[in-house]
> 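Please read through the structure below; I'll follow up with questions.
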Amino acid sequence: MRFLGNKESMIGEILKLLGDKKLLDKDYTFFDAFTGTGSVADAVKENFNIVINDKLEWCTKYAYGRIVASNIQFDKLKVNPFEFLNNNKIIHKGFFYDNYAPTETSRMYFTPHNAGRIDYFRDTIEEWKNSGKITNDEYAFLIASLIESVSKVANVAGVYGAFLKKWDDRATKEIQFIPVTSLETIFPFDGKVEIYNEEVENIIEKVECDVLYLDPPYTQNQYGTQYHLLETLVLNDNPSISKITGSRPTGPMRSDWSKEYKAHILFDKVIAKTKAKYIVFSYSTDGIMSKSYIEASLKRYAKPGTYECRKVSYKKYQNWKTKSSKKHYEYLFFIEKEDIDKVVIESPLNYIGSKSKMIQSLRCYIPDIENKTFYDIFGGGFNVGVNMGTSKIVFNDINKFVVDLVESFQKYDTYEYIKFVKRNIKKFNLEPNSKEAYMNIRNYYNSIDYSKRDPRLLYTVILYGFNQQIRFNSDFNFNNPVGMRWFNDKVLEKLVSFSRTIKEKKVSFYNEYFTKLKDVINEQDFVYMDPPYMLTTGSYNDGKRGFEGWSIEHEDQLLKFADYLNSQHVKFMISYVLEHNGEVNLHLNQWLSNRNYSVISIPTIPGRKRKEVVIINYDCPNGNK
């Protein structure tokens, strides 16, 4: 049957990809999460156990009927259902006759005769099921066959969003009840089939599978609206319908995957949460999500070196309204998914001194903290705390604007956050290196009393500032100059994945000078400290921004604070720089020489002339040195 986004023409490429990755004949389970008409699930069933899902029940019935076709015998029925149904002229004046033919209404989906035959076919199949004359597999096969038969005589332009105002020649032909596929299918199936009718994002965490195949909607077309009639045919529930189009209520059938930015958010969640080890993703060059966003998201969760994208030319389904000479392409993406405890989530804030590139190294030296509270007391962009394996985290920073910024990603709905940013980008005509537009939004932000400033507005300003840095003057006015960066797809991906992660964790936010946290930290907690460094200077520690700088006195307070934690049997880790551009922090070295703390060198970003270390007061986990 004709179906928007049908992957029949992509089957060969998908099978080749699966073969190239050596995923065939492994007794794996293949999860077709947006099964549609089941073309892909049916094609791979020889090599996998199958899980199919679609929000529309007609899709899963149709797909399941195709998958089990080779198992159909009709032993209890005693007759060939196709011969039986075609060899009579019975009609039933049921729901389709009354509502989808010009009988009681002016709707011209079917001729009156064909509508009456459809009611007869549907009633007969249901009676056979209720009387036990057919199995569940046979029922699905007959329902799929009915859908196929209906599509041959429907007076529509490919989809069922509206009927044609004149009779198409195909619609005037008498309906024949035909099998959805030959019973002598070339792919016999003796595996297992599991069926869901859910939003994939709501079930992704519970579906056991090895290979996840994703083929979501990629335009604003709502499949529930375009195929409402088939849903009514399958559900057989005689719903209340639109007086004009005859459509059933489409609200429950609408998908957020057809909405810009909601699709981005859902994609991140599904990739992050699936139990699958391998992910195959089909998407069109015409889709809502860009290739660069998809690549950034997949690489976030992929084992290094496993990401692959294949560009395939394909014939796009077009009806008479959408004919175009434009050449269309489909992307086939593949990753082998990384172990979840090795995935690194990056902050959407480009914070000076960020440890985002060192997370894996830091994790090697952090003990089991699953049931502890993790204190990130110089939180900054929150790259470290958000990546720790505990749900209970305390984020602290002396800069209130930074605290509010980080908290905003937890506090606000991610979709509404993105829409807020995009509205203000449009309102102020923000573009890279557009000084006038940038100064307008920066001045507007600074004109607001700093106690009432919206952190989402600050984030928008930051995106178009120099290197997207966070910089204030002594009056707490944002004063970073204009820059060449913007709200690109990689930043969007960081915002989406970071916002999801921070919402999933129990994070408490503090805006205190670090020594004031003594009263809340106890022996069961773990404290991570990444303070400003004496040997380097950033906009957050030069003492000229209205906030505390970082002097030898501040460093002494930090070292005394660490000694205090140690005396209370609190485990801690300090990230620090011992050497920078040939200069050595002698004060820190002297302090370390009188204590039994471990000092571990951490690999730095290539090109940096510094010696980064972590200082810990406990035995290295897993024997790490």
> Mind checking whether F177 and F82 have parallel, tilted or perpendicular rings, split at 30° and 60°?
parallel

> When rounded to the nearest 0.5 angstrom, what distance separates CG in N238 from CZ in R248?
9.5 Å

> For the residue pair W257 and F267, does the interplanar ring angle fall in the parallel (under 30°), tilted (30 to 60°) or perpendicular (over 60°) class?
perpendicular

> In Å and rounded to the nearest 0.5 Å, what is the CG to CG distance from L85 to N80?
9.0 Å

> Quick check: does any side chain N or O of R117 sit under 3.5 Å from a backbone N or O of Q176, one acting as donor and the other as acceptor?
no

> Given side chains that start at C-beta, do those of L332 and S282 come closer than 4.5 Å, heavy atoms only?
yes

> Nearest 0.5 Å please: distance from the CG atom of N47 over to the NZ atom of K26.
11.0 Å

> Could you tell me the separation between the CG atom of D215 and the CG atom of D32, rounded to the nearest 0.5 Å?
7.5 Å

> Give, for atom OG1 of T501 and atom CG of N387, the distance between the pair rounded to the nearest 0.5 Å.
7.5 Å

> Apply ring-ring contact (aromatic ring centres under 6.0 Å, His included) to Y283 and Y331, showing your working.
CA-CA 5 Å; Y283 210 65; Y331 292 123; 8.2 Å; no

> What I want to find out is whether E493 reaches R300 closely enough, with some N-O distance under 4.0 Å, to be called a salt bridge.
yes

> Validate the cation-pi geometry between K419 and Y417: distance from NZ or CZ to the six-membered ring centre under 6.0 Å, angle to the ring axis within 45°.
no

> Please round to the nearest 0.5 Å and tell me the distance separating atom OH of Y97 and atom NE2 of H92.
13.0 Å

> Can you confirm if the aromatic rings of Y261 and Y415 lie within a centre distance of less than 6.0 Å?
no

> State plainly whether the residues E308 and K21 are in salt-bridge range, i.e. N to O under 4.0 Å.
yes

